[in-house]
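Note that this is a predicted model, so its numbers are computed, not measured.
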Amino acid sequence: MAGLFDFHDEKISSGNASVSVYQPLADRVRPTSLEDVMGQDDILGPDKPLRMLMEAGLSGSIILWGPPGCGKTTLARVLAGLSDSDFIQLSAVTSGVKEMKAAFDQAAYTRKTSGRKTILFIDEIHRFNKAQQDALLPHIESGLVIFIGATTENPSFEVNSALLSRCQVLVLKSISVPALITILARAIEKDDKLNREPKIDISDDSIERIAMMAAGDARIALNVLETCCEVSRQKTPEKPVVTPEIVAETFQSKLLRYDKGGEEHYNLISALHKSLRGSDPDAALYWAYRMIDGGENCRYLFRRMIRFAAEDIGMADPFAMTLAMSCAQAFEYVGPPEAHLFVAQLVVYLATAPKSNALYKAESRVKRYIREIGEPGVPIHLRNAPTKLMQELGYGKEYRYPVSQSVFICQLLMGKKKLLKSV
């Protein structure tokens with residue numbers, strides 16, 4: 001079986017010369033065996049039933065769900081090798097029913113001529129519409145292809161239930177920092193292009209920084225490593241050194257992983273809400289700025305926090321609503337990025353304010369009571385009586401103005417009453 005870092009450069013002909021086609025480091029060092037797939041021990045550990053099935057080539061159709069750079073495509077290719085199957089790869093971004101039909105025809109021809117199975121791997125399967133996903137069903141059912149789908153989105157929401165019922169969903173995690181360090185160290189050791197003369201001097205601290213800043217994405221980590229090595233060769237050709245400063249410069253324009261329309265959006269706003277409710281200003285600030293740095297519209301954050309001021313703080317601190325509205329209006333007046341400070345101010349205030357959801361519960365009880373008793377008429381003594389006929393009918397007749405309360409308010413305004421006793 002091929003090793004972890006066995007690879008070759010593809011070549012194309014240009015006249016009488018053969019020109020190497022560039023492959024990114026992440027592609028050059030792609031694992032080819034389960035032993036070399038890092039960071040997914042929860043499902044691929046040596047004693048895991050799934051691993052035993054995979055090694056025996058008995059794995060059925062699966063959907064790989066995980067964040068970018070966690071090894072979904074790599075695992076699909078490894079499975080194809082273990083099951084001794086042909087491998088057809090499509091992307092739901094650029095492919096449709098036409099490309100799938102061609103893949104099915106090829107799979108049928110392969111089975112007829114050689115008896116070999118075909119693994120059909122479709123990346124970004126959540127981008128297929130219902131009709132496109134349904135086109136897979138009869139061929140999965142008949143066993144013509146073993147289907148492997150990959151998605152960064154929650155399959156419960158993005159994949160048809162009919163397709164889900166025919167597949168096992170495997171949840172892949174972001175690669176841990178120690179696993180990323182191992183992946184980077186192996187790449188430095190094995191990759192010929194990284195090891196060409198003059199040799200690169202890269203410290204353990206620089207490797208660890210890359211691993212930490214890659215946010216669990218092995219593809220980013222490897223490609224940043226390659227970029228850092230090339231930058232260092234340009235800066236100091238005689239003795240290239242990858243310093244922490246070069247790593248920081250390379251990562252300077254890296255965007256945080258955040259999908260404003262996907263599951264990560266709801267995960268982050270949930271984390272912010274729960275941190276506010278838990279009175280943890282540090283965590284709340286962290287989650288708020290994760291969303292801001294990811295490009296979230298601050299108006300959305302203010303809408304959620306205005307609601308929080310009523311739902312989770314309520315009458316325990318009525319000023320929370322006033323401050324929430326003031327910060328939202330100030331944001332519109334000043335504008336980002338300076339106005340991001342207003343988000344921070346409101347986040348800290350809401351997190352540290354006293355909490356009471358009594359108002360929210362009262363609202364729920366009232367709405368439930370209305371549904372249960374229906375809509376009875378307003379009691380006659382509470383009705384408005386603007387006309388003589390209505391007065392003759394008794395509208396408002398038994399109503400009694402709470403005089404004692406009225407007298408108290410008048411005396412309070414005149415300074416003759418105190419709300420609190422003297423201490």
Requested in this report: Using atom types as modelled and distance alone, determine if a side-chain donor or acceptor of Arg186 lies under 3.5 Å from a backbone N or O of Ile183.
Outcome: no
Query raised in the report: Within the distance-only criterion (no hydrogens, no angle test), does the side chain of Thr110 pair as donor or acceptor with the backbone N or O of Arg116 below 3.5 angstrom?
Result: no
**Report entry** Sole residue of Ile62, Ile148, Leu34 in side-chain contact (heavy atoms from CB on, under 4.5 Å) with Leu75
**Finding:** Leu34
Query raised in the report: Hey, are the side chains of Asp36 and Thr74 touching, using non-hydrogen atoms and a 4.5 Å cut-off?
Result: no
Query raised in the report: Would you say Lys117's side chain and Ala80's backbone share a donor-acceptor pair under 3.5 angstrom?
Result: no
Requested in this report: Check whether any side-chain heavy atom of Gln329 sits under 4.5 Å from a side-chain heavy atom of Tyr333, and report yes or no.
Outcome: no
**Report entry** Closest non-hydrogen atom pair between Asp217 and Gly69, with its separation
**Finding:** OD1-CA, 3.2 Å
Query raised in the report: In Å and rounded to the nearest 0.5 Å, what is the CZ to CG distance from Arg219 to Leu25?
Result: 12.0 Å
Query raised in the report: Between CZ of Phe147 and CD1 of Ile88, what distance do you get to the nearest 0.5 Å?
Result: 13.0 Å
Query raised in the report: Without hydrogens or angle criteria, can the side chains of Arg166 and Ser61 be said to hold a donor-acceptor pair below 3.5 Å?
Result: no
Report summary line: In short, Pro155 meets Leu164 closest at the heavy-atom pair O-CD1, 3.6 Å
Query - Met212, CE: over 12 other non-hydrogen atoms inside 6.0 angstrom - result: no
Report task. Go through the side-chain N and O atoms of His273 and Asp312 and say whether any donor and acceptor fall under 3.5 Å apart. Result -> yes
Requested in this report: Begin with the C-alpha distance, continue with both residues' side-chain angles, and end with the deciding distance and a verdict on side-chain contact (heavy atoms from CB on, under 4.5 Å) for Ser83 and Ile119.
Outcome: CA-CA 9 Å; Ser83 62; Ile119 286 182; 3.6 Å; yes
Query raised in the report: Does a side chain donor of either Arg127 or Gln132 reach within less than 3.5 Å of an acceptor in the other side chain?
Result: no
**Report entry** 4.5 Å side-chain heavy-atom contact, Met305 and Phe302
**Finding:** yes
Query - Whether Gln133 side chain and Phe128 backbone form a donor-acceptor pair below 3.5 Å - result: yes
Query raised in the report: Parallel under 30°, tilted from 30 to 60°, perpendicular over 60°: which one fits the rings of Tyr349 and Phe319?
Result: perpendicular
Report summary line: Smallest heavy-atom separation, Ala211 atom then Ile181 atom, equals CB-CG1, 3.6 Å
Query raised in the report: Do Gln234 and Val231 pass the side-chain contact (heavy atoms from CB on, under 4.5 Å) test, and can you show the C-alpha distance, the side-chain angles, and the key distance before you say yes or no?
Result: CA-CA 5 Å; Gln234 296 296 321; Val231 169; 5.7 Å; no
Report task. Would you mind reporting whether Arg371 and Tyr369 have side-chain heavy atoms less than 4.5 Å apart? Result -> no
Report summary line: The reported gap from CH2 in Trp287 to CE in Met291 (rounded to nearest 0.5 angstrom) is 11.0 Å
Query raised in the report: Does Arg28 come within less than 4.0 Å of Glu226, counting only side-chain N to carboxylate O?
Result: yes
Query - Nearest-0.5 Å distance, NZ of residue Lys130 to CG of residue Leu163 - result: 11.0 Å
**Report entry** Pairwise side-chain contact, Pro46 with Glu35, heavy-atom cut-off 4.5 Å (strictly under)
**Finding:** no
Quiz: residues 358-365 side-chain donor-acceptor pairs under 3.5 angstrom, not counting sequence neighbours:
from, atom 1, to, atom 2, distance (Å)
Ser364, OG, Tyr360, O, 3.1

Requested in this report: Indicate yes or no for a side-chain donor-acceptor contact from Ser206 to the backbone of Ile202 under 3.5 Å, with no hydrogens or angles considered.
Outcome: no
Query - With Ser95 via side chain to side chain contact (heavy atoms under 4.5 Å, CB included) - residues at least two apart - result: Leu90, Glu99
Query - Donor-acceptor side-chain pairing of Asp205 and Ser203 below 3.5 angstrom - result: no
Query raised in the report: Just checking, is any N or O donor in the side chain of Ser270 or Asn267 under 3.5 Å from an acceptor N or O on the other one?
Result: no
**Report entry** Test: Lys235 and Glu245 ion pair at under 4.0 Å
**Finding:** no
Report summary line: In this structure, CZ of Arg299 is separated from CZ of Phe331 (nearest 0.5 Å) by 6.5 Å
**Report entry** Under 3.5 Å: donor-acceptor pair, side chain of Lys72, backbone of Pro67
**Finding:** yes
Query raised in the report: Mind checking what makes side chain to side chain donor-acceptor pair (under 3.5 Å) contact with Asp42, not counting sequence neighbours?
Result: Lys173
Query raised in the report: If you look at every heavy atom in Thr32 and Val78, which pair is closest and at what distance?
Result: C-CG2, 3.8 Å
Query raised in the report: Roughly how far, to the nearest 0.5 Å, is the OH atom of Tyr289 from the CG atom of Leu272?
Result: 12.0 Å
Report task. I would like to know whether Asn384 and Tyr395 meet side-chain contact (heavy atoms from CB on, under 4.5 Å); could you show each step before the answer? Result -> CA-CA 6 Å; Asn384 187 29; Tyr395 280 40; over 6 Å; no
Report summary line: Nearest heavy-atom contact between Leu137 and Ala162 is CD1-CB, 3.8 Å
Query raised in the report: Got a donor-acceptor contact below 3.5 angstrom from the Arg51 side chain to the Gly45 backbone?
Result: no
Query - Check: Trp65 side chain, Glu153 main-chain N or O, donor-acceptor pair, under 3.5 Å - result: yes
Report task. Provide the closest heavy-atom pair for Arg30 versus Asp27 in the form atom of the first, atom of the second, distance. Result -> NH2-OD1, 3.2 Å
Report task. Give the intermediate values and the outcome of side-chain contact (heavy atoms from CB on, under 4.5 Å) for residues Thr118 and Ser85. Result -> CA-CA 5 Å; Thr118 297; Ser85 303; 5.9 Å; no
Query raised in the report: Where the side chain of Asp191 meets the backbone of Ala187, is there a donor-acceptor pair that is under 3.5 Å apart?
Result: no
Query raised in the report: Quick one: does Val171's side chain get under 4.5 Å of Leu64's, heavy atoms only?
Result: no
Requested in this report: Report yes or no: does Arg209 contribute a side-chain atom to a donor-acceptor pair with the main-chain N or O of Val247 at less than 3.5 Å?
Outcome: no
Query raised in the report: Would you say the side chain of Leu194 lies within less than 4.5 Å of the side chain of Leu225, judging by non-hydrogen atoms?
Result: yes
